[in-house]
Structure formats: structure tokens, C-alpha cells
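Notes for the one structure printed next.
For clarity, every value in this text was computed on a predicted model and none was experimentally measured. Numbers restart at 1 for each chain; the letters A, B, ... are given by sequence-line order, proteins then strands.
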Amino acid sequence: MALRLYNTMAGRKQEFVPLKPGAVSMYVCGVTVYDHCHIGHARANIVFDIVYRYLKFAGYAVTYVRNYTDVDDKIINRANERGISSKELSEEYIRAFNEDMDALGLQKPTHQPKATDYIPQIVDLVSRLIERGLAYESGGDVYFAVDKFPGYLKLSKRNMDDMLAGARIAPGEQKQNPMDFALWKTAKPGEPSWSSPWGEGRPGWHIECSAMSMDLLGPSFDIHGGGKDLVFPHHENEIAQSEGTTGKPFVKYWMHNGFVNINQEKMSKSLGNFFTIREILEKYDPEVVRFFIITAHYRSPIDFSDQNLDEAKVGLSRFYELLKAADELLARMPVPSRIPCPTIDDSEREIYDRIELLEERFIEAMDDDFNAALAIGHLFEAVRGLNRLIAERRFEQCPLSLAVLADGVKKLRRLGDVLGLFGSEPAAWLEKQKSAGLQGGELTAETIEALIAERKQARADRNFTRSDEIRDELDAKGVILLDSREGTTWKLK
RNA sequence: GGCCUCGUCGCCAAGUGGUAAGGCAACGGUCUGCAACACCGUCAUCACCAGUUCAAAUCUGGUCGAGGCCUCCA
């Protein structure tokens with residue numbers, strides 16, 4: 001089955017056929033760098049990170065461009081507030097963005113252009129739009145004339161008359177149509193500016209993305225992504241600018257990810273309910289955040305809450321618990337070269353089949369508009385099957401099960417990697433979750449280890465009263481003791 | 001007001017015509033000195049109403065409810 005994806009332009013899923021066979025060109029709107037990124041940015045970037053990874057996994061040569069918009073009103077205002085230059089401010093937040101994305105385990109895009117490095121291309125686009133009669137100069141500003149572009153609003157499927165009813169004209173703007181938008185703005189004193197045929201000025205919002213995407217990917221490319229909120233006006237305007245200039249179709253597939261809500265409310269600065277990525281990473285493991293985000297379909301809204309994050313952590317731990325157990329077992333019992341198995345019962349047969357078909361099912365899910373939530377469901381089923389092989393301990397009689405276990409773990413890691421998951425060393429990852437949970441509590445790992453040692457002696461003396469006291473005492477403080485053949489370990493509730 | 005989504009078990013979440021994946025929680029078992037992990041088992045007719053169809057969570061119409069965009073926004 002071929003990859004199908006939901007194209008906002010078509011309003012439905014379509015089969016993915018790249019412009020050039022075997023290659024994919026993809027542009028995703030990055031961030032305006034004037035503040036730290038929040039969980040919404042994390043979602044958008046993780047979603048497209050997975051698109052990027054999956055396309056590569058599917059065998060495409062992918063060129064992925066994600067930009068920085070480093071010239072904008074908000075940047076100028078924020079820089080003025082802080083008494084630093086726009087350049088200093090944007091560089092600071094570009095660094096912060098990269099730190100955040102690295103922490104979240106995102107792969108680097110092929111290109112990460114900055115708007116200010118593309119001023120000549122922007123000026124060129126604006127000039128061509130004027131030549132073609134799609135833009136006009138007005139008092140040093142240049143506006144795009146939306147009435148001159150017949151396809152305007154085709155992406156957001158709005159109606160011009162309805163839009164006009166609610167539109168407002170900002171004071172001082174001399175537009176032919178209130179819907180016209182700025183391509184170039186005259187610089188006010190003290191603002192960053194570049195010279196142009198229309199005087200000193202700077203680009204408007206939207207034009208930078210047309211310039212960067214077409215410069216790096218050509219006039220037409222395959223996938224353009226971003227948050228749902230960018231459909232109008234940002235992407236609508238990009239289409240107008242780009243197709244207005246080249247006369248060619250700009251983008252073949254438009255992909256938009258859904259929003260993040262906070263405790264069932266829209267996340268917004270006015271409500272004060274947004275979290276930056278760094279705040280979240282103080283509390284949650286980056287892989288837990290990623291796991292949480294991809295257990296929902298990328299177009300659905302997702303609710304960010306402590307409960308949901310905690311559940312994600314439990315779910316992800318389940319994978320790492322299996323990987324740990326399997327790694328340990330396989331280290332003790334290497335898979336023999338001859339793997340006979342005199343009798344295979346039905347339940348074993350079923351597990352073998354499940355592992356055999358795992359990759360196929362995973363691909364089937366991901367091919368259906370990147371249905372990672374379904375793909376993860378298949379991975380969970382594989383976990384249950386493999387845990388069962390381990391629990392049944394029939395490896396001596398049936399080495400084939402050992403081979404299946406080894407194969408299953410390998411597949412889990414390979415497919416997990418497509419989602420950016422399971423890349424950590426299991427024991428270390430699980431250990432990290434434990435120590436992270438202790439922070440701020442009264443217990444330390446040393447105290448716990450000391451109590452475990454005392455309990456070990458008590459159990460050796462068959463003093464189960466004291467043994468149970470220790471278990472209960474730690475339990476009351478949220479620590480659970482786990483006895484096994486190899487000794488006692490602990491974990492947090 | 002215009003446009004657009006969505007409403008599936010206590011919670012999260014797949015499923016867009018063929019008879020409801022998966023995870024968490026809960027309950028009953030196996031294992032355990034007791035536990036935990038793990039495993040086995042139990043646990044939904046899909047907001048409501050009407051219609052189309054041999055067949056609907058899936059299509060159509062309506063009702064109720066939630067949310068988003070229309071202004072900067074991932």
C-alpha cells in the first residue's frame with residue numbers, strides 16, 4: 001500500500017506521489033525567534049520530525065527545510081524593550097531553539113535558513129510581483145493585491161465578502177483592498193532595514209517563506225507543513241506570492257498539525273497557561289514528551305496535562321522494561337546457530353506471526369496519513385507477545401523462541417527509531433526516571449540502598465516482620481521494592 | 001455573524017460502509033515468604049433523533065454539546 005496523506009488543499013487524504021520519483025522536497029514553517037519555544041512548537045516540530053524520519057525510512061531522498069523568521073515586529077519590539085539589537089535577540093533565541101530541539105531528539109533538517117540572509121531574493125520576488133501587476137507600492141510600503149490573484153483563499157476555503165465584513169483597516173495603511181497584505185514595509189527610525197527600490201525597509205511577514213522555500217526547493221515542491229493556525233493568513237499568502245510570481249503550482253501537499261490544549265483549554269498567552277519546552281523538560285523526560293505527542297494523531301487536538309504525561313511515562317516504561325529484560329536474557333543466552341523447536345504451540349505460533357508481521361503493520365499504519373498512534377498500538381502488541389515468551393521460559397526446549405525474541409527486539413528498536421523512540425539504553429533510561437522522581441523528596445538513592453541491604457539481611461534471617469516493615473515504610477514514601485533472582489531493585493510508584 | 005473541525009469504555013486513543021485496535025485504571029487468577037514486574041482472563045454497539053443500505057461508529061439530514069480560525073500565533 002502506498003503512502004496517503006491528508007492534504008489541506010484537497011480537504012482529504014490523497015496518495016503521495018512526489019514531483020520527482022524517489023525524492024521529497026519539504027518545507028516547514030519554523031519559528032519567529034523572539035521568545036522561548038512552547039509545547040505547541042514542540043508538537044509541530046516533533047510531528048514533522050517524524051514525517052521526515054518516516055519518509056527517509058520509506059526510501060525517499062528527503063530535502064527538509066525549516067526556517068527561522070528573524071525579522072518581524074515582535075522581534076523589534078522585544079529587542080527595544082531589552083535594549084539590545086534585533087540581531088542579538090534573534091541569535092539568542094535561535095540558540096535556545098536549537099537547544100530545545102536537540103533536547104527533544106529532533107533530527108537536523110537539511111537546511112535551516114534565516115530570513116535576513118534572503119533579503120535579495122525577497123526584494124526580487126517583490127519586484128516581480130509589481131511587474132506582474134500583483135503588487136503595488138503605497139507610501140514606501142508594498143502590498144499584495146489580493147483581488148488580482150484569482151486563487152486567493154483556495155487553501156483556507158474562505159469567502160472574500162465574508163472576510164471583508166469582519167476586516168479592519170489599520171490606521172495609516174493605504175491599501176486598495178483591506179485584505180491586501182504587506183510585502184515590504186518602510187523602516188521606522190531605529191529599525192533594522194535594508195535598501196530596496198522602494199527605499200529603506202524590511203520584509204513583511206509571509207514573503208520570507210516564499211523566498212526561502214523557492215530558493216532552496218524550487219518553484220514547486222512536495223510538502224509544506226506547519227501548525228493549523230498558519231493556514232490563514234500565512235500559507236494562503238505564501239501561495240499568492242509564490243504562484244503570483246512564478247505562475248506555477250507552489251506546493252503539492254499541505255500538511256497542518258493540530259493544537260495543544262492545556263487542561264482542556266486553549267493554550268494562549270493571555271490565559272497565562274502556556275509552558276515553554278524548557279519548563280516541561282525540567283519535569284518530564286524528553287522522550288516521554290515525544291511519546292505523549294505521538295500517541296495522538298497529528299491532526300487531532302491534544303490535551304497537555306500532568307495525568308496524560310504521567311500515563312505516557314508509564315507506557316514508554318513498558319517498552320523499556322521489555323527491552324531491558326530482553327537484553328539481559330539475550331546476554332545470558334545467545335541465540336544458537338541451529339534453532340530447532342520440536343513442538344510449537346498455538347500461542348507461540350501466534351507470537352511468531354505477530355513479530356513476523358510487525359513491520360508490515362507498522363508501515364501500513366504510517367502509510368495512512370502518519371497514523372503513529374495506531375503504529376504504537378502494534379508495537380504494544382509486540383511487547384506483550386515478547387513478554388509472554390520471556391514469562392514462559394521455554395527457551396531451553398525451544399531456541400526458536402529465543403531467535404524470535406532477538407528479532408522482535410531488533411524490530412522494535414528499528415521501528416521505534418522511525419518515531420524517535422527507544423534509542424536510550426534501557427537500564428540507564430529506567431534508572432534516570434527513578435532518580436528524577438526522587439528530586440525534591442526526602443529520600444535519596446543511598447538511603448534506599450541502605451534499607452535494601454538491611455532488608456536483605458532480615459530476609460536471610462527469615463525475619464519477615466522487619467522485612468515487611470521496610471517494604472511498607474518505603475511504600476509509604478512512594479518507593480516500591482522489586483525482588484528478583486538477581487537481587488532487589490526499586491522503583492517509584 | 002462567516003468558515004471549519006470534533007463528540008468512540010472511568011481516563012487516553014485507533015477505527016470513514018462489513019459487524020468496535022492498543023495503553024492506563026479496575027476486578028479475578030498464575031507467579032511471589034509478602035509484594036512488584038510479567039503473563040492469563042473480565043470490562044463499550046460508538047452524544048441524541050430520523051433516513052439511505054443486505055449491512056453504519058463509519059454515508060445523508062436534523063438536534064444537543066465542545067473546540068478552532070476569521071487579529072500575532074505551532
Side-chain angles (χ1 to χ4, degrees), chain A residues 8 11-13 28-32 34-35 37-48 72-74 77 153 156-159 161-168 170 179 205 225-234 256-261 264-269 274 291-292 295-297 299-303 305 307-308 310-319 321-322 324-325 347 361 365 368 371-393 459 462-465 467-468 471-472 475 480-484 488-491 493:
Chain A
T8 307
R12 60 184 172 80
K13 290 181 199 171
V28 172
C29 287
V31 284
T32 299
Y34 73 105
D35 203 348
C37 287
H38 52 63
I39 180 67
H41 297 109
R43 182 180 194 190
N45 283 285
I46 287 171
V47 162
F48 289 104
D72 172 85
D73 289 349
K74 292 188 293 290
N77 293 339
L153 303 180
S156 54
K157 296 163 185 63
R158 291 159 198 271
N159 174 290
D161 295 333
D162 293 336
M163 297 287 291
L164 285 171
R168 54 152 210 204
M179 296 290 292
W205 183 44
K228 241 184 150 105
D229 49 346
L230 295 180
V231 174
F232 185 88
H234 187 56
H256 294 97
N257 65 275
F259 288 118
V260 177
N261 295 328
Q264 324 228 30
E265 273 185 313
K266 174 186 158 70
M267 179 172 70
S268 82
K269 301 209 170 180
F274 72 97
F291 188 81
F292 161 69
T295 45
H297 188 90
R299 283 188 284 117
S300 307
I302 191 169
D303 191 46
S305 68
Q307 189 193 334
N308 290 346
D310 288 338
E311 274 191 17
K313 181 174 167 178
V314 173
L316 182 57
S317 299
R318 193 167 153 78
F319 283 98
E321 294 279 4
L322 165 73
K324 177 166 176 262
S347 85
R361 293 201 170 131
D368 185 13
N371 194 337
L374 179 60
I376 287 177
H378 295 317
L379 299 185
F380 268 117
E381 286 180 341
V383 168
R384 179 145 41 86
L386 296 175
N387 270 327
R388 184 161 164 177
L389 291 182
I390 293 175
E392 283 174 357
R393 298 180 176 281
R459 291 175 79 205
R462 304 201 65 77
N463 180 357
F464 293 122
T465 313
S467 167
D468 286 349
R471 177 187 287 288
D472 293 343
D475 186 79
I480 297 166
L481 295 181
L482 316 170
D483 294 332
S484 75
T488 301
T489 56
W490 57 275
K491 67 170 219 171
K493 261 186 198 170

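- Distances from the side chain of A/R388 to the nucleotides B/C39, B/A74, B/G23 place B/C39 closest.
- Comparing the same atom, C1', in B/G65 and in B/A56 gives a spacing of 22 Å after rounding to whole Å.
- In this structure, of B/U5, B/G33, B/C70, it is B/G33 that holds the atom nearest to the side chain of A/F464.
- Between atom OG1 of residue A/T488 and atom CZ of residue A/R471 there is a gap of 8.0 Å, rounded to the nearest 0.5 Å.
- One P atom belongs to B/G67, the other to B/A20, and the distance between them is 32 Å to the nearest Å.
- Comparing atom distances between the A/N308 side chain and each of B/C40, B/C11, B/G68 picks out B/C11 as nearest.
- Nearest to the side chain of A/R158, among B/C70, B/C73, B/C34, sits B/C70.
- In this structure, A/R393 does not reach the B/C31 phosphate: none of its side-chain N or O atoms is under 4.0 Å from OP1 or OP2.
- Put simply, the side chain of A/N371 and the base of B/G15 share no donor and acceptor less than 3.5 Å apart.
- Across all strands shown, B/C27 is found opposite B/G41 as a Watson-Crick or G-U wobble partner, with both distances under 3.5 Å.
- Between the side chain of A/T295 and the base of B/G22, no donor-acceptor pair under 3.5 Å is found.
- When Watson-Crick and G-U wobble pairs are counted only if both distances are under 3.5 Å, B/G65 pairs with B/C6.
- Stacking of A/F380 onto the six-membered ring of B/G22 is not present when judged by under 5.5 angstrom between centres and under 30° between planes.
- Taking for each of A/T465 and A/G227 the nucleotide of RNA chain B with the nearest heavy atom, the 5'-most of the two is the partner of A/T465.
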